Amino acid sequence: MRILDDGGVWGIYPEGTRSPDGRVYRGRTGVIRVAMRTGAPVIPVVLSGTDRVNPMGRRGWRFARVRIGFGAPRYFRPADRDGVRGATDALMAELVQRSGRRYVDHYAKRFEAASRQ
């Protein structure tokens with residue numbers, strides 16, 4: 001919040017980690033909670049092609065085209081816990097729609113842990 005209060009820009013992946021398989025996973029509520037506390041807009045951003053530039057499990061970068069798509073800024077008023085979860089789910093739905101990827105209604109970290117067993 002200090003970065004935003006000082007006039008800076010803060011970027012965060014609402015999933016909390018890199019998608020292990022290219023699907024969009026359930027979002028963590030931190031991005032919405034910070035936006036509600038600071039009044040800062042949330043600008044939905046979709047990246048595509050990053051899997052070719054930096055493949056999971058491989059060292060080093062590769063040359064490839066990355067596309068970046070921006071949505072309209074969204075503002076959030078303070079809300080209770082259910083409102084924060086609902087706003088997070090709505091943000092993730094927009095990211096799914098913009099990316100054309102499938103949605104998974106659980107956290108990516110749980111997927112990673114289950115796939116290691």
Side-chain angles (χ1 to χ4, degrees):
M1 287 189 278
R2 189 173 342 130
I3 293 168
L4 296 172
D5 290 340
D6 290 344
V9 175
W10 179 59
I12 184 171
Y13 289 93
E15 292 170 289
T17 187
R18 186 173 176 186
S19 173
D21 59 4
R23 297 181 294 178
V24 177
Y25 284 80
R26 188 173 200 200
R28 305 282 181 166
T29 59
V31 65
I32 300 299
R33 287 187 285 114
V34 169
M36 288 178 175
R37 286 187 188 146
T38 63
V42 173
I43 301 172
V45 177
V46 173
L47 302 173
S48 61
T50 59
D51 57 326
R52 291 183 298 276
V53 172
N54 187 15
M56 293 208 46
R58 298 186 76 185
R59 297 177 66 115
W61 296 77
R62 315 279 184 285
F63 287 101
R65 185 174 301 248
V66 174
R67 295 191 188 276
I68 305 171
F70 296 91
R74 299 176 64 182
Y75 293 86
F76 299 91
R77 296 176 187 238
D80 63 9
R81 186 179 182 143
D82 290 339
V84 171
R85 178 80 256 162
T88 301
D89 291 345
L91 175 63
M92 297 311 293
E94 180 175 347
L95 294 174
V96 166
Q97 188 273 327
R98 290 183 165 283
S99 70
R101 296 184 176 189
R102 290 191 16 225
Y103 178 72
V104 180
D105 193 22
H106 60 81
Y107 297 114
K109 282 289 187 189
R110 288 188 186 158
F111 174 85
E112 289 175 354
S115 66
R116 286 188 208 130
Q117 296 176 357

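Only a predicted model underlies this, so the values are computations on that prediction, with no experimental measurement involved.
- Taking D82 as the reference, nothing meets the side-chain hydrogen bond (donor to acceptor under 3.5 Å, both in side chains) condition, with sequence neighbours excluded.
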Under 3.5 Å donor-acceptor pairs involving side-chain atoms of residues 29-44, not counting sequence neighbours:
residue: T29; atom: OG1; partner: R33; partner atom: NE; Å: 3.1
residue: T38; atom: OG1; partner: V34; partner atom: O; Å: 2.9
residue: T38; atom: OG1; partner: A40; partner atom: N; Å: 3.2

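- Residues satisfying the salt bridge (Lys or Arg N to Asp or Glu O under 4.0 Å) test with D105, not counting sequence neighbours, are R26.
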Problem - D21/S19 under side-chain contact (heavy atoms from CB on, under 4.5 Å): CA gap, chis, key distance, verdict - result: CA-CA 6 Å; D21 59 4; S19 173; 3.5 Å; yes

Which side-chain N or O atoms in residues 87-98 pair as donor and acceptor under 3.5 Å with protein atoms at least two apart or in another chain?
residue: T88; atom: OG1; partner: V84; partner atom: O; Å: 2.9
residue: D89; atom: OD1; partner: R85; partner atom: NE; Å: 3.1
residue: D89; atom: OD1; partner: R85; partner atom: NH2; Å: 3.0
residue: E94; atom: OE1; partner: R74; partner atom: NH1; Å: 2.9
residue: E94; atom: OE2; partner: R98; partner atom: NE; Å: 3.0

Extract all donor-acceptor atom pairs below 3.5 Å that involve side chains of residues 6-13 and protein atoms in other chains or at least two apart in sequence.
none

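- The salt bridge (Lys or Arg N to Asp or Glu O under 4.0 Å) pairs that include a residue from residues 49-68 number zero, where partners must be two or more places apart or lie in different chains.
- Side-chain contact check for Y25 and R23: at least one donor-acceptor pair (N or O, by modelled atom type) lies under 3.5 Å.
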